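A quick write-up on the structure given underneath.
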Amino acid sequence: MFDQLPFLLILLALPLVALVGIIAGGPAKSLALIASLGSFGIALISAIVWQQQGDSSLGAFEYQVLSKPEITLALGLPDAMSVILVLLTTIVTLAAIMASRCPEGRERLWFSSILLISVGALGAFLSTDLFFFYAFHELALIPTFLMIGMLGKGDRKEAAWKITLYLAFGSIVLLAGLLWLVGASGSSSLLFSELLASPIDPAAQKGIAALLLIGFGTLVSLFPFHSWAAPAYASAPTPIAMLHAGVLKKFGLYGLFRLYPMVSEGLKPWLTLLIILLLANILWVGFVTLNQKRLDGMLANSSVMHMGYIFLAFAALIAAESTIANPLALPAATLLMFGHGISIALLFALSDQIEGKTGTLTMANLGGLGKSTPALCFLFGLAGMASIGLPGLANFAGEAAVFLSGFKNWTYTEPLGPVQIATIIAIFGVVISAIYMLRAIRQIFQGSPVSITENVADLTLKEKAPALLLSLALLAVGIYPNLLLQLFQRQTVQPSPVLVESASPATSETALLINESR
Amino acid sequence: MNLQLHHLEILVVALGIIILMAEAFFPRERKSFLGWIAIGGLLAIFGLLFVAEPATGDEISRAYASDRIAKFFKGFTLIITALVILMAIDYKKVLSRFTENPGREDGIAEYFALPLFACAGMMWMASAKDLVTAFAALELTTITFYILVAYMRRNVGSLEAGIKYLILGALSTGFLVYGIAWIYGGTGSMNLEVISTVLDEQMATETRTAILFGLALILVALAFKVGAAPMHLWIPDVYQGAPTPTTTFLSVGSKAVGFIVALRILQPFLDSELTKNNAVIILSIIAAATLLIGNLAAIAQTNLKRLLAYSSIANAGFILLAVAAWQPASENALSSPQVVAIYLATYLVMTVAAFFALQSIAQSTGTESIASLAGLGKTHPALAWTLTIIFAALAGLPLTVGFIGKFFAFGVAVKAGLWLPVIVAFIGVTAGFYYYFKVIRTMFWNPSANGPEIYLSPITKAVVYPSAALIIILGVYAQPLLDLVGA
């Protein structure tokens with residue numbers, strides 16, 4: 001019965017209805033909570049049904065809003081990447097709403113912004129039409145900018161203005177790339193399925209690929225377009241930081257993987273440059289992270305740093321030239337996006353608790369907090385370990401898969417290619433992560449308590465709930481990565497151990513076309 | 001006798017004369033009701049637009065087009081005129097402060113009647129396919145605007161704006177007449193249809209050069225009308241000094257008909273293979289220069305009205321981009337005239353909403369500076385979010401009509417391969433984000449200044465809030481716009 005419903009439309013409409021309710025004066029937190037709980041439920045059920053039926057038109061919805069060119073409000077779950085990112089969005093939204101410490105009297109603004117960002121992110125991941133894919137992401141950016149500027153902390157105005165300008169720049173470059181892409185494909189429809197079926201002249205692909213890399217790259221904080229991210233996350237209100245770092249930033253990566261088949265030829269000339277940039281993300285920003293004195297600044301930088309790993313998977317995909325040649329890259333990247341999204345959201349939520357309880361996030365001023373708050377200490381430790389990439393937690397599965405994808409198709413008789421060298425260097429990033437994260441845990445939670453960390457109340461059940469939800473997701477996927485990976489296995493013929501053929505039907509068809517034409 | 005399209009212009013003029021007479025012969029303190037009559041009359045004529053038949057008869061149909069685009073622009077003109085008069089009713093306190101008898105509404109209905117004459121001129125321009133009728137209609141509009149700009153006679157700013165507009169307007173009229181003379185000399189005709197056939201014939205190179213010289217002169221005059229570089233210099237000063245309803249009228253109405261005349265005059269030149277390249281090069285340069293000047297100069301503005309003036313120049317640049325691209329209609333793409341019409345329709349919604357809000361805010365705070373909006377997000381959240389929608393639309397954010405217009409303009413320009421202007425346009429959009437978001441930033445991030453309370457009049461509320469809703473609705477579902485231009 002469930003698959004008869006246009007449930008993706010409901011999934012998108014639920015937060016919107018709650019938003020209207022809040023604007024109309026309803027109880028803000030309850031409405032937001034109910035809507036996000038409902039979205040989470042629908043996303044979870046749809047993931048299960050999708051896995052069982054393997055039907056990419058499940059719950060799809062289409063309504064044409066423009067005839068020349070054909071723009072369609074089209075929602076769908078074309079492949080496992082969409083399913084997983086939608087799931088991530090709803091989990092983080094739920095946690096962000098539960099974890100909110102909303103300033104007095106600003107409930108309506110606070111919760112309606114969270115819901116609006118959530119609608120934008122969900123819409124972007126659900127849209128199977130290029131226009132709405134882009135538009136929904138822009139929709140989510142507006143409340144992000146405004147909230148950082150209005151209710152942020154520290155240098156909020158400067159940080160907010162910086163993220164506004166950087167992301168506006170990125171969006172416009174991206175828009176230029178997308179318009180060029182549509183023009184070059186000659187497709188009259190902006191549906192992904194139609195676009196992916198219209199090949200682009202390789203000569204034009206190179207320019208399009210450059211614009212897409214800069215545009216999407218800015219949105220994902222790819223070096224050197226990353227400097228907006230750290231100040232913005234450090235000063236953003238916690239739920240906004242959770243949602244942007246955890247979910248919204250993944251839009252750029254999602255877009256790159258989604259549009260990859262159209263510009264696979266054009267991306268190849270940029271491979272070396274991309275590898276240098278992603279290594280700068282891992283190492284340069286990694287060292288910057290080491291040097292942070294405040295916990296929020298450290299978390300913000302670590303989030304930028306970890307994007308480098310996901311770009312590594314993308315580089316592996318570019319080098320392999322198709323999702324069939326490197327079937328590991330896409331699942332690896334998606335798994336890491338999920339793991340990173342959950343763990344960074346959890347870390348931001350907990351750092352907010354630390355600030356609320358002690359009044360500071362300067363790590364040198366803290367110490368011994370673990371004595372009075374064992375639960376907080378345990379949860380933070382768990383999230384920190386996840387962020388480092390400890391086995392048993394979701395990030396490990398993702399990072400391991402990324403490193404494996406780097407060496408996919410490589411045999412020990414060959415010399416090392418650029419992707420393999422990058423992978424070897426990138427592994428040392430894990431050491432950097434371990435240094436700053438363990439040092440932070442030691443400085444904050446261990447040692448002898450100081451005046452501000454003595455007699456601090458531990459997390460109440462209400463405060464624990466969002467952290468437990470996120471931790472559960474980290475553990476579940478970490479211990480049994482197949483929960484997510486089996487989504488990628490759907491529709492495959494040959495029984496394969498863990499990671500197999502990944503792309504959506506449309507994607508693999510195009511990839512085949514490209515291979516055949518070669 | 002059947003009601004024909006050109007009878008509507010006569011009706012509008014008649015309406016204007018009636019209002020003017022009523023103003024003279026009914027010495028009443030309260031004159032708003034005359035404004036309401038004018039609006040009612042305009043809306044009735046707008047209704048007649050749907051039943052009117054094409055103009056028939058040899059004489060009239062030679063100089064008067066009754067095509068879809070003409071009808072579209074006639075409707076456009078009627079609506080913007082009605083909105084301007086509505087704004088004038090809201091603005092009458094300021095208007096009456098600077099006339100002969102300050103504080104009294106004596107003579108205020110002149111300000112309701114004059115836009116009607118301009119409206120008739122603009123409606124005629126939408127149909128003019130003869131250089132002489134185009135010129136006559138253009139002058140009817142421009143002369144009316146001289147008065148409308150300088151209407152607040154006791155206000156130095158308004159007078160200064162009037163003088164500037166008069167001098168540059170007269171200059172551009174000179175260019176126009178001179179250009180028409182050159183084209184007449186080269187082609188032997190004033191009729192654009194005849195010119196179109198003449199251009200495709202073999203002719204001496206000198207003759208073609210003469211005709212192109214005439215076209216260049218006409219383009220200078222039209223650049224004045226639409227506010228394009230290099231004739232954009234008057235825009236900031238005149239827009240800032242003129243009464244806000246006049247500014248709105250100039251910014252939307254005058255610009256729109258400037259473009260319809262430009263499209264009609266340029267069509268023969270852009271359709272003919274022999275002159276197309278020259279025309280496209282000139283137009284591309286004008287478009288790029290306009291985009292660059294409008295957008296970059298807007299960055300530094302601190303006065304909201306002046307910011308909107310530069311934004312109006314920038315928007316002219318985007319429209320010129322579509323004109324320069326000159327694409328015929330095809331199966332899955334719009335023609336350039338259709339894109340221009342759609343862009344102007346979206347521009348009308350956004351600009352009218354912005355100016356309505358501006359004049360009401362300026363009336364309550366006494367200043368037009370952006371800083372006066374500080375803290376609006378906290379004190380008037382509904383108004384602040386509405387303005388956010390309007391400015392986001394002007395910046396061209398997706399899911400607003402502003403995106404739709406720019407999307408189509410870029411679409412035709414990319415299709416025509418005008419890479420340089422397209423790159424400049426993208427720089428313009430980036431700059432646009434910067435200065436429009438500066439306004440949004442002021443509203444939400446800055447603490448409120450302890451100035452006078454901001455208050456929106458009921459009329460403004462009745463326009464601004466539905467406009468904001470329309471901006472979103474048409475931004476998501478833009479098909480009605482396409483249907484409107486027959487695509």
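Lettering follows sequence order; numbering is per chain, from 1. Bear in mind that the values here come from a model prediction, so they are computed numbers and not experimental data.
If you take CG on Asn446(B) and CG on Leu376(B), they are separated by 11.5 Å, rounding to the nearest 0.5 Å.
Heavy atoms of Leu139(A) lying under 4.5 Å from chain B belong exclusively to its side chain. For Leu151(A), no part lies near chain B; criterion is any non-hydrogen pair under 4.5 Å. Neither the backbone nor the side chain of Leu73(A) comes within less than 4.5 Å of any heavy atom of chain B. For Leu146(A), the parts lying near chain B are the backbone and the side chain together; criterion is any non-hydrogen pair under 4.5 Å. Heavy atoms of Asp483(B) lying under 4.5 Å from chain A are absent altogether. Only the backbone of Gln64(A) comes within contact range of chain B, judged by heavy atoms closer than 4.5 Å. Heavy atoms closer than 4.5 Å to chain A are found in both the backbone and the side chain of Phe426(B). Heavy atoms of Arg156(A) lying under 4.5 Å from chain B belong exclusively to its side chain. Residue Ala478(B) touches chain A through both its backbone and its side chain, counting heavy-atom pairs closer than 4.5 Å. With a threshold of 4.5 angstrom between heavy atoms, Ile71(A) approaches chain B through side-chain atoms but not through N, CA, C or O. For chain B, the nearby parts of Ser67(A) are the backbone and the side chain; heavy atoms of each come within less than 4.5 Å.
Counting only N and O atoms by type, the side chains of Trp110(A) and Ser100(A) include a donor and acceptor under 3.5 Å apart. A side-chain N or O of Asn295(B) and one of Tyr435(B) form a donor-acceptor pair less than 3.5 Å apart. Counting only N and O atoms by type, the side chains of Tyr166(A) and Ser227(A) include a donor and acceptor under 3.5 Å apart. Counted by atom type alone, Tyr436(B) and Ser311(B) present one or more donor-acceptor pairs between their side chains at under 3.5 Å.
Ranked by non-hydrogen atom pairs under 4.5 Å with chain B, the options Gly183(A), Ser188(A), Ala160(A) are led by Ala160(A). Top candidate by heavy-atom pairs under 4.5 Å with chain A, chosen from Tyr434(B), Phe433(B), Phe437(B), is Tyr434(B). Across Tyr134(A), Trp180(A), Trp161(A), the residue that shares the most heavy-atom pairs under 4.5 angstrom with chain B is Trp161(A). Chosen from Thr388(B), Thr430(B), Val422(B), the residue pairing most often with chain A at heavy-atom distances under 4.5 Å is Thr430(B).
Outside the 6.0 Å centre-distance limit, the rings of Tyr254(A) and Phe216(A) are not counted as a close aromatic pair.
For the pair Lys29(A) and Phe111(A), the cation-pi criterion (under 6.0 Å, within 45° of the ring axis) is not fulfilled.
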task: Start with the C-alpha distance between Thr72(A) and Val65(A), add both sets of side-chain angles, then the distance that settles side chain to side chain contact (heavy atoms under 4.5 Å, CB included), and finish with yes or no.
output: CA-CA 5 Å; Thr72(A) 319; Val65(A) 297; over 6 Å; no
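Closest approach of Ser127(A) and Phe136(A) over heavy atoms only: OG-CD1, 3.5 Å.
None of Leu75(A), Thr89(A), Ile117(A) except one satisfies the side-chain contact (heavy atoms from CB on, under 4.5 Å) rule with Leu122(A); the exception is Thr89(A).
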